[in-house]
There are 2 protein chains.
Amino acid sequence: MSIRHGLLALLERGSRYGYQLRAEFEESTGGTWPLNVGQVYTTLGRLERDGLVRGMPESDGGQRPYEITDAGRAELALWFATPLSQADRPRDELAIKLALAITTPGVDVRAVVQTQRSATMRSLQEFTKLKQAGGELPWLLVLEAMIFQCEAESRWLDHCESALVRHRPTVTPVTQHIDERVTADERA
Amino acid sequence: MSIRHGLLALLERGSRYGYQLRAEFEESTGGTWPLNVGQVYTTLGRLERDGLVRGMPESDGGQRPYEITDAGRAELALWFATPLSQADRPRDELAIKLALAITTPGVDVRAVVQTQRSATMRSLQEFTKLKQAGGELPWLLVLEAMIFQCEAESRWLDHCESALVRHRPTVTPVTQHIDERVTADERA
DNA sequence: CGACACATGTAACACGTTACATGATTTG
DNA sequence: CAAATCATGTAACGTGTTACATGTGTCG
């Protein structure tokens, strides 16, 4: 639903055509989430089908601008007025992954956690660097949203690791045979 | 991709049938993300089509168990070994919403922020209550992931609000006419 | 001219989601 | 018996995503 409403919001500023919409959408979010042009057109088609936008006749340079309708404006207002509930959000794949890793035989959960943390920290560094480069307020806020998320994820991964250590003791390479005895016990 | 791999992980524990898979999936995540049974079957169909699981003949009580194949095991191992990159994640709808709210005429951004924060805090309280009730380790970690996320979101919303105040001064009901002058200036 | 950016669009597919149809089994 | 739960499955739709086809304009 984010692209749908995103395009609607851009059209609220005034009439735009597909290519413009893609450029402005990517600009708002600083190119963090690249948007395939094709998707703009398919989404515009669906928005028109639903009566939220109106496609104008093709103008001079082969450009076909769209404008938002009253229904579209209402839908947009509703979007802004309604908070995102937990149910609206996609499942947290990382949480699912770790939760299942714990109960899946033959998975080194600590390795999963550590690999993820490396990746998360790399992202965090990239974002921090981008932040130094500066930019418009919207793009800056998006960046900071992702920075906050990375930090939360990193803290959560730390938390998971220590919870795991508490739950099933750490294994060093030397005591590999002990590891196998322990997991065998747990299966019973 | 999370359900696909989730089912694969559950099948790694042993042969299961559809209804069981749904129950175990919801149990792992504590019912936070309810999973429609129908989706289990469609997903199992796709997994079988891709050779990652094998559907067994229908047994006694009308149950049709599935088992994971070697290809499925490889896919699962890959899933666990590969960290989630930023590109894999869905667009952050809230971030997009706020970024666009800022540049959309006629939107009270502060109201959007405050409405969202109320909702986020409500979620946070629910999760905290659930945490007190306790549960298995996987479910506990999932809960804490969501708690951490809510906290990050709440902090980010605070940050947005203060960034907005810095950028365009707060308006009180009494000085409504001043607000209109200001926004008119900004449009120019 | 040839390459590249601009611009529109379609086809095909993946995944998630809901609603529905259908039966077997259990239980009050 | 009737209602609820267990269990399987299909049909239909929505969004997101990619790949492709097509044409125009511009610039070295």
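Chain A is the first sequence line, chain B the second, and so forth, proteins listed ahead of strands; every chain is numbered from 1. From a predicted model like this one, the values you see are computed outputs, not experimental measurements. Just so you know, these numbers use all the heavy atoms, side chains as well, and skip hydrogens, waters and symmetry mates.
A:E67 is not listed as a side-chain neighbour of A:V53, based on a closest heavy-atom distance of 4.5 Å or more.
Salt bridge status for A:R73 with A:E12: present, with a side-chain N to carboxylate O gap under 4.0 Å. Salt-bridge check for B:K97 with B:D92: failed, with every basic side-chain N at 4.0 Å or more from each acidic carboxylate O.
A:R22 has no side-chain polar atom (N or O) that falls below the 4.0 Å cut-off from OP1 or OP2 of D:dT17. An OP1 or OP2 oxygen of C:dG16 is reached within less than 4.0 angstrom by no side-chain nitrogen or oxygen of B:R4.
Atoms CZ (A:R16) and C1' (C:dA7) sit 16 Å apart, rounded to a whole Å. When rounded to the nearest whole Å, the span between CD of A:E75 and C1' of D:dT15 equals 14 Å. Note: CG (A:D92) to C1' (C:dG16) measures 17 Å, nearest angstrom. Whole-Å rounding puts the B:H5 NE2 to C:dA14 C1' distance at 13 Å. Taking atom CG of residue B:L44 and atom P of nucleotide C:dA14, one finds them 16 Å apart after rounding to whole Å. Rounded to an integer number of Å, the gap from CG of A:D88 to P of C:dT18 is 11 Å. Between the CD1 atom of A:I96 and the C1' atom of C:dC15 there is a distance of 13 Å, given to the nearest Å. Atom-to-atom, CD1 of A:I3 to P of D:dG14 comes out at 16 Å; the value is rounded to the nearest Å.
Distance check: B:R54 CZ to B:D70 CG gives 7.5 Å after rounding to the nearest 0.5 Å.
If you check the side chains of A:Q63 and A:Q20, you find no donor sitting under 3.5 Å from an acceptor.
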Might you list the N or O atoms of the protein lying below 3.5 Å from N or O atoms in nucleotides 8-12 of chain C, with each pair's distance?
| unit_1 | atom_1 | unit_2 | atom_2 | d |
| --- | --- | --- | --- | --- |
| C:dT8 | OP1 | A:R64 | N | 3.0 |
| C:dT8 | OP2 | A:G18 | N | 3.4 |
| C:dT8 | OP2 | A:Y19 | N | 2.8 |
| C:dT8 | OP2 | A:Y41 | OH | 2.4 |
| C:dT8 | O5' | A:Y41 | OH | 3.0 |
| C:dG9 | OP1 | A:R64 | NE | 3.1 |

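B:F25 does not carry B:R22 over the face of its six-membered ring by the limits of under 6.0 Å from the centre and within 45° of the normal.
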